[in-house]
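Everything numeric in this text was worked out from a predicted model, so none of it was measured. Order of the sequence lines sets the chain letters (A, B, ...), proteins ahead of strands, with each chain counted from 1. In what follows, every heavy atom counts, from backbone to side chain, and hydrogens, waters and symmetry copies are set aside.
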Amino acid sequence: MKPPKPISPFRLSSLLRLQKDPTLALQLFRSPNPNFNPKKPLRYSLLSYDLIISKLGRAKMFDEMEQILHQLKQETRFSPGEIIFCNVISFYGRAKLPDRAIQTFESITGYRCKRTVKSANSLLNALLRCGEFEKVRETFLGIYKDGTPDACTYNILIHACCRIGSLDDAWNVFDEMKRRGVLPNAVTFGTLMYQLCMNLRLKEAFKLKEDMLGVYGVKPNAYVYTSLIRGLCGIDELSSAFRLKEEMVRNELKLDSVVYSSLISALFKAGRKEEAFGILDEMKELGCKPDTVTYNTMINGFCKEKDFEAAFRILDEMVEKGCKPDVISYNVIIGGLCKEGKWIEAKDLLEDLPRRGCAPDVVSYRTLFDGLCHWKQFKEAAFILEEMIFKGFAPRSASITKLVDGLFQECNLELPLTVLDSLGKGNLVDVDTWRIMVLMACKKEKLSNSSKVVDTLVIT
DNA sequence: ATAGGGTTAG
């Protein structure tokens with residue numbers, strides 16, 4: 001048998017690109033040639049660094065990602081491009097780790113890489129995602145160290161103003177942008193339009209639509225239309241919303257699944273579900289594939305109508321069409337079932353998720369837990385509670401109060417101890433839980449039992 | 001993968 005040749009740097013990059021599993025990709029990166037002489041280490045290409053860092057960042061494997069970054073720092077053969085750091089900063093933003101985003105930003109020059117407004121923009125956006133508005137301000141004030149703010153910078157600031165709910169501030173930034181000679185683009189108008197439509201300020205929104213083309217020469221795109229369509233649906237102007245959809249066609253804008261999902265959602269809310277199917281057919285005819293959100297919208301519609309059979313049919317259709325249901329698809333159904341008192345079905349569905357290839361999330365558990373408490377299925381609730389805490393998901397504290405309250409009303413003094421035990425394991429015993437436990441126990445005047453509660457509380 | 005739009009729970 002011929003001995004295999006060692007992997008070349010080029011080959012490593014292709015293999016990394018193909019490897020979907022971040023852990024296996026990391027293993028491959030760390031020892032690409034396990035059977036060869038380690039004295040001749042592989043000379044990693046910049047591309048392979050880029051690939052592994054992005055994979056680890058997307059998978060939130062930040063310690064491993066930092067190790068690779070450290071290794072990259074030692075390389076003297078090349079200087080990494082700024083884009084790598086932009087990506088890392090946005091991974092930290094998505095993971096709600098603002099301090100790490102800032103650290104990364106500050107470390108860039110240590111990699112022999114020039115810092116520009118691009119990484120500053122990445123940082124601004126990461127801080128915005130983390131809700132760190134004061135730090136957004138500080139970063140913006142310091143941006144001139146790296147260059148001058150561009151359209152992207154101002155767009156992020158406008159978005160930040162919208163997020164804190166101040167359209168006035170957003171307009172101020174818009175004016176400032178123009179004063180500085182930076183041209184607003186489609187994203188600028190898309191962001192402003194979104195906020196106007198969210199607040200149902202449709203008159204101003206349509207004025208902005210006129211101005212963006214007439215005054216600024218920017219053509220309204222699908223983002224702008226989607227906001228307007230949703231705004232119109234929000235004030236029950238469905239026919240106007242559909243007229244806008246036709247206008248998109250006339251303006252040769254591609255109708256995408258986002259536009260269609262909005263319309264389908266509106267049709268269901270207006271009790272016109274038959275037409276929703278017509279829209280679904282139209283999508284298919286125009287070659288616009290319904291995606292997970294489109295199907296989720298329909299599932300939600302059917303659940304609101306208590307038509308769970310139809311909801312499950314959509315779920316089957318998704319699987320058939322190769323569109324994978326996500327955790328939201330299931331959470332919607334679990335929530336709908338709980339609301340109707342069908343908690344057995346809800347529980348069965350949750351327990352079936354792993355088999356269906358979907359990991360339940362904190363919403364799945366909270367929904368079922370709240371549903372069980374609402375229907376006074378306390379034993380089941382306590383069981384789910386233990387499971388969710390074991391998985392690291394915290395219940396809402398109001399739900400716990402409701403559960404314990406309900407148990408005492410049923411004179412069940414044993415189960416609260418089990419609940420307390422579960423909460424203790426998750427370090428979730430807060431002051432409210434304390435209060436209600438002692439209060440309820442004392443109310444029942446079962447002093448022996450109340451002292452037992454206190455004992456358990458002291459231990460936890 | 002420097003910036004904006006659609007579905008759930010609260």
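For A:T191, the side-chain atoms get nearest to B:dG4 when compared with the rest of B:dT8, B:dG4, B:dA1. Taking the side chain of A:T367 as heavy atoms from C-beta on, and the options B:dT7, B:dA9, B:dA1, the nearest nucleotide is B:dA9. The listed nucleotides are B:dA1, B:dA9, B:dG6; the one nearest the side chain of A:R94 is B:dA1. Taking only side-chain atoms of A:C152, from C-beta outward, the nucleotide of B:dA3, B:dG5, B:dT7 with the closest atom is B:dA3. Closest to the A:N300 side chain, of the nucleotides B:dT8, B:dA1, B:dG4, is B:dT8.
In this pair, A:F174 and A:Y216 present their aromatic rings perpendicular. The plane angle is above 60°, beyond the 30 to 60° band.
Here B:dG10 presents its C1' atom at 13 Å from NZ of A:K339, a figure rounded to the nearest Å.
Ion pairing between a basic and an acidic side chain is recognised when a charged N comes within 4.0 Å of a carboxylate O; A:E246 and A:R243 show no such pairing.
Between A:A222 and A:L253, the shortest heavy-atom distance links the atoms N-CD1, 4.3 Å.
Taking every heavy atom of residues 245-267 of chain A and every atom of DNA chain B, pairs under 4.0 Å involve A:D256, A:S257, A:V258, A:V259, A:S261, A:S262, by number. Within residues 202-229 of chain A, the residues that place at least one heavy atom under 4.0 Å from DNA chain B are, in residue-number order, A:N221, A:A222, A:Y223, A:T226.
Note on A:A186: a base of the nucleic acid sits closer than 4.0 angstrom, heavy atoms only.
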Original post:
Step by step, would you call A:R356 with A:D352 a salt bridge (Lys or Arg N to Asp or Glu O under 4.0 Å)?
Top reply: CA-CA 6 Å; A:R356 291 169 179 258; A:D352 199 34; 2.9 Å; yes
**OP:** Quick one: do A:E275 and A:R272 satisfy salt bridge (Lys or Arg N to Asp or Glu O under 4.0 Å)? Show the steps, please.
**Re:** CA-CA 6 Å; A:E275 291 165 77; A:R272 292 158 59 174; 2.8 Å; yes
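Here A:F189 and A:Y223 keep their ring centres 6.0 angstrom or further from each other. Ring to ring, A:F369 and A:F378 are not that close: their centroids are 6.0 angstrom or more apart.
The base of B:dA1 has none of its N or O atoms less than 3.5 Å from a complementary donor or acceptor on the side chain of A:D50.
With both ends at atom P, the span from B:dG5 to B:dA1 equals 13 Å, rounded to whole Å.
Residues forming a side chain to side chain donor-acceptor pair (under 3.5 Å) with A:K342 (at least two apart in sequence, or on another chain): none.
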